[in-house]
Amino acid sequence: MSAPMKNNIDFLLECVQAQNPSANLKKIRAAYECAAAAHEGQKRRNGEPYIIHPVAVAKIIVEMGLDTDSICAGLLHDCIEDTEFGYREIENKFGTSVAELVDGVTRLGMLRYSKEQEQFEDLRKMFMAMAKDIRVILIKLADRLHNARTFQFLPERKQRDKALETMEIYAPIAHRLGMSRIKWELEDLCLQILDPIGYQEIVDGLEKESERYEEFLDHIKERITSKLDEAHITHSISARVKHIYSIYRKMYAQHKTINEIYDICAVRVIVEDVADCYNVLGYVHDLYKPIPGRFKDYISTPKPNGYQSLHTTVIGREGIPFEIQIRTGEMHKMAEYGVAAHWKYKQGLDRVGNEEAFSWIRQLLEAQQDTEAEDFIKAIKVELFADEVFVFTPKGDVINMPAGATPIDMAYAIHSAVGNRMTGAKVNGRIVQIDSHLKNGDIVEILTSKETHGPSRDWLKIVRTTEARNKIKQWFKKECREENIIKGKEDLDRELRANLLYNGFYENEEVIQNTLNKFSFQNIDEMYAAIGYGGITITKVINKVKDEVGRIRRAAERAEKTEQMLAQPQPEKKSRRSQSGVIVEGIDNCLVKFARCCTPIPGDDIIGFITRGYGVSIHRRDCVNVRINEEDKDRSRWVNCWWDEDLIERNNKFSTALQISTRSRTGILAEVMVLLAQTKVNVRDLSARDLEDGYGVINVVIDVTGVRQLKHIMTRLKNTKGVLDVARISNDAAH
């Protein structure tokens, strides 16, 4: 079928009728006509009429199985933002429900994946919209999915920004809502942009082995089908190669090539009822040898997003492992479409936001009440990304927590009073350390005392969940204010002295007030208390004090230097020439060398230091050695210097060093070298090393004509895929 046919209203209505015969087709057609009129004359970046996008979004919403209002909102979702057709017009024509959905999606569209504090506010708005009406985020996911399918028409930088935003925010939300089909497609589309080389490597590897995989899977399907037919179990069976991003994560997590990843294939068996699921599991284990520790029962213990299935990994012929998933038809719908698979609006209920399935959203919103931006964003990433562990209370109740959770996390998950009275824990009947990590299936008993002794401050470093951390902080905030103030002041004073900031902080009211304003404290005792109970990290306070004290000191130094310059006659800069490219005040034809600690180049503000027997050492004025030594007994040996512009114009080259922080990936070093070659700079030295957690560092020493050329090179390097940051360093540090 041609693309235009797939994207017109008649095709959409056919899909609606097939999925939801009770849908209001007349209302949907009217929404399409309004959207078509509102977007008349608008084009997408690929040149297609804009209306194709809302229709495609509505089609995805239909596939989710959502209601008439959701489909209408999908067709109208860009009207408020991009056309003259506003909220009131939508409300009058299609009702308040559709108007609020469109308005909610419009607000989410204004979110910007940006610096930390702004991102905190934007994510908070997103989760509030989800808690109010989950359909808003479902429509937004449909919108983002269709946009992701056309990312290639965006400018390259915007492609990467949108792909990163999708990978870090929208794909995890789809996962948390149980919408695996949308999650997989989003991940694969984003990977194609974020690491096209890695993506293509997997595609090529799969294509190369496609015939072998097909033969392997066909043989498995035949054996299982034959066995289940003999047992008269009604079933359907399908086999597939796992999606590309799933393989990519295994390759990079395990440092393997695609040829070394064996469990690439998966088989899915769908049966009529739960009893048949366990019967099929028995027959499968008769046919193939199961791998110990690789069986998971998500039917008796569903995932938090509602996912249910039996998973077992077995050994096939030639010793190749593969995964088999066994589930019912209803479980399969839930696995594919998550919350949309059992849409409550079909039963006439109107408070989806209150469902227990979405309690994690409300918990996140509650957790952010007294939380800094950085902590809230970390909490979101734990909630969205972390694998879950399922543990049991002695009474058999199931509690799920993120991987790495401790008995303390479980105690506070039960109730804050249990956590505050906790003295220890038993796991599977044995006393354990309170910082031990819980595993799937553990039976955990929390030991408590009758009196509330309260938590230890050290627990804040141990717990994994935001809920536990916030409850501990709340206890200290409420119960120990005076103690918190004393402890907070002691901790702050100790760090101020260690950083030589004590006098700079307490002797300047402006520094104190600006620090309090930064973190929204009313007075200094409030800040001490927050430091004491862990409401704010002392590092953040110290960093702000450093900025303020440094700013005031620099202002005083500039004022002093200005006075000195005004009091002295200015030297004739142009009256002297140099062989080195630098003119030194009061000294002709002296020996000049460039300091390796800061590698000054033309365009930098410089100063000279007279060294005994070695001439003048040239430093950048912002060099750390200048700041340290200007105040010592040799202060008189510092002299003013200027760049000799005439010599610089004759294209002298100056050596400087860069440190390039990267994400470790194949080919990143080669790309950096190619870029440097394209900029036609001489590379004196280059080295690279891998760090932990998938990061790396490249150190390079290059020759440049000055700051302007260096900034151009640094900008191009920062725009290279996989490069996180580029900074100047000393030449010595580059080796």
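Below, each value reflects all heavy atoms present in this structure, side chains not excepted, and no hydrogens, waters or symmetry copies. Quick caveat: nothing in here was measured; it's all calculated off a predicted structure.
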- Item | Contact summary for C277 and L310, nearest pair of heavy atoms | O-CD1, 3.5 Å

- Under 4.0 Å between a Lys/Arg side-chain N and an Asp/Glu carboxylate O for R29 and D10? yes

- Item | Heavy-atom side-chain proximity of Y170 to K140 below 4.5 angstrom | yes

Residues 35-42 side chain polar contacts: donor-acceptor under 3.5 Å, at least two apart:
unit_1	atom_1	unit_2	atom_2	d
H39	ND1	Q42	OE1	2.9
Q42	NE2	D82	O	3.1

- Note: R294-E323 ion pair, threshold 4.0 Å (strictly below): no

- Task: Report the distance from atom CD of E100 to atom CD1 of I90, rounding to the nearest 0.5 Å.
- Result: 12.0 Å

- Query: Quick one: CG on L186 to CG on L145, what's the gap to the nearest 0.5 Å?
  - Reply: 5.0 Å

- Would a 4.5 Å heavy-atom cut-off, applied to side chains only, mark C265 and F216 as touching? yes

- Heavy-atom nearest pair, C190 first then A163, reads SG-O, 3.5 Å

- Where is the tightest heavy-atom contact between V16 and I28, given as atom of each residue plus distance? CG1-CD1, 3.9 Å

- Message: Restricting to ring-ring contact (aromatic ring centres under 6.0 Å, His included), what partner residues turn up for H243, sequence neighbours left out?
- Response: W184

- Item | Pairing of R212 and E215 as salt bridge, 4.0 angstrom limit | no

- Message: If I compare all heavy atoms of V136 with all of G104, which pair ends up nearest, and what's the gap?
- Response: CG1-C, 3.6 Å

- Message: Please check: side-chain N/O of H332 versus main-chain N/O of E330, any donor-acceptor pairing under 3.5 Å?
- Response: no

- Nearest 0.5 Å please: distance from the NZ atom of K43 over to the CD atom of E48. 9.5 Å

- Query: Would you say the side chain of H235 lies within less than 4.5 Å of the side chain of D276, judging by non-hydrogen atoms?
  - Reply: no

- Query: After noting the C-alpha distance and the side-chain angles of R240 and Y213, does the key distance pass the side chain to side chain donor-acceptor pair (under 3.5 Å) rule?
  - Reply: CA-CA 9 Å; R240 63 179 175 85; Y213 290 143; over 6 Å; no

- Does the side chain of I61 reach to within under 4.5 Å of the side chain of L75, using non-hydrogen atoms? no

- Query: Ignoring hydrogens and geometry, is there a side-chain-to-backbone donor-acceptor pair from D143 to I139 under 3.5 Å?
  - Reply: no

- Query: For the side chain of K162 and the backbone of F151, is there at least one donor-acceptor N/O pair under 3.5 Å apart?
  - Reply: no

- Say whether S70 and D67, considering side chains only, have a donor N or O and an acceptor N or O under 3.5 Å apart. yes

- Show your reasoning for whether side-chain contact (heavy atoms from CB on, under 4.5 Å) applies to H175 and S180. CA-CA 6 Å; H175 168 69; S180 60; over 6 Å; no

- Ion pair K227/E230, N-O distance below 4.0 Å: no

- Intermediate values then yes/no, side chain to side chain donor-acceptor pair (under 3.5 Å), D188 and Y199: CA-CA 8 Å; D188 285 355; Y199 178 89; 6.0 Å; no

- Message: A side-chain contact here means heavy atoms from C-beta on lying under 4.5 Å apart; do I202 and L206 qualify?
- Response: yes

- Decide side-chain contact (heavy atoms from CB on, under 4.5 Å) for F94 and K27; before the verdict, give the C-alpha distance in whole Å, the side-chain angles of both, and the deciding distance to 0.1 Å. CA-CA 8 Å; F94 302 102; K27 187 175 183 178; 4.2 Å; yes

- Message: Quick check: closest heavy atoms across P54 and H77, and the distance to 0.1 Å?
- Response: CA-CE1, 4.1 Å

- Message: Can you tell me how far apart OG1 (T166) and CG (N147) are? Round to the nearest 0.5 Å.
- Response: 8.5 Å

- Query: If only atom types and distance count, is the side chain of T106 paired as donor or acceptor with the main-chain N or O of V102 below 3.5 Å?
  - Reply: yes

- Quick note, salt bridge (charged side-chain N to carboxylate O under 4.0 Å, His left out) partners involving residues 147-160, not counting sequence neighbours, are R149-E185, R157-D161

- With a 4.5 Å limit on heavy-atom distance, are the side chains of I264 and I247 in contact? yes

- Query: Taking it one step at a time, do H311 and F295 satisfy ring-ring contact (aromatic ring centres under 6.0 Å, His included)?
  - Reply: CA-CA 6 Å; H311 288 197; F295 168 67; 9.2 Å; no

- Task: Check whether any side-chain heavy atom of R327 lies under 4.5 Å from a side-chain heavy atom of Q308, and answer yes or no.
- Result: no

- To the nearest 0.5 Å, what is the distance between OG (S238) and NZ (K221)? 7.0 Å

- Task: Please test I193 against Q152 for side-chain contact (heavy atoms from CB on, under 4.5 Å), starting from the C-alpha separation and ending with a verdict.
- Result: CA-CA 8 Å; I193 289 167; Q152 68 270 27; over 6 Å; no

- Task: Measure the spacing between CD1 of I173 and CD1 of I182 and express it to the nearest 0.5 Å.
- Result: 12.0 Å

- Close side-chain approach of M331 to V274, heavy-atom, < 4.5 Å: yes

- So, T68 side chain and N24 main chain: donor-acceptor pair closer than 3.5 Å or not? yes

- Task: Please indicate whether K296 has more than 12 foreign heavy atoms, meaning atoms of other residues, nucleotides or ligands, lying under 6.0 Å from its NZ.
- Result: no

- Query: For E89, which residues count as a side-chain contact (heavy atoms from CB on, under 4.5 Å) partner, sequence neighbours excluded?
  - Reply: F85

- Message: Run the side-chain contact (heavy atoms from CB on, under 4.5 Å) test on L101 and L76 for me, step by step, so that the C-alpha distance in whole Å, both residues' side-chain angles and the decisive distance to 0.1 Å come before the verdict.
- Response: CA-CA 10 Å; L101 288 174; L76 298 164; over 6 Å; no

- Check step by step if side chain to side chain donor-acceptor pair (under 3.5 Å) holds for D69 and S97. CA-CA 7 Å; D69 284 355; S97 175; 3.1 Å; yes

Below 3.5 Å, can you tabulate the donor-acceptor pairs from side chains in residues 278-287 to any protein atom, sequence neighbours excluded?
unit_1	atom_1	unit_2	atom_2	d
Y278	OH	D297	OD1	3.2
Y278	OH	D297	OD2	2.9
N279	ND2	A275	O	3.3
H285	NE2	T312	OG1	2.9

- Task: Kindly say whether the aromatic ring centers of F322 and Y288 come within a distance under 6.0 Å.
- Result: yes

- Of all residues at least two apart in sequence or in a different chain, which pass the side-chain contact (heavy atoms from CB on, under 4.5 Å) check with Q200? V203, D204

- Task: Spell out, as yes or no, whether a donor-acceptor pair under 3.5 Å connects the side chain of S309 to the backbone of Q325.
- Result: no

- Please report the C-alpha distance between D78 and Y50 in whole Å, then the side-chain angles of each, then the deciding distance to 0.1 Å, and finally whether the side chain to side chain donor-acceptor pair (under 3.5 Å) criterion is met. CA-CA 10 Å; D78 277 332; Y50 194 88; 2.5 Å; yes

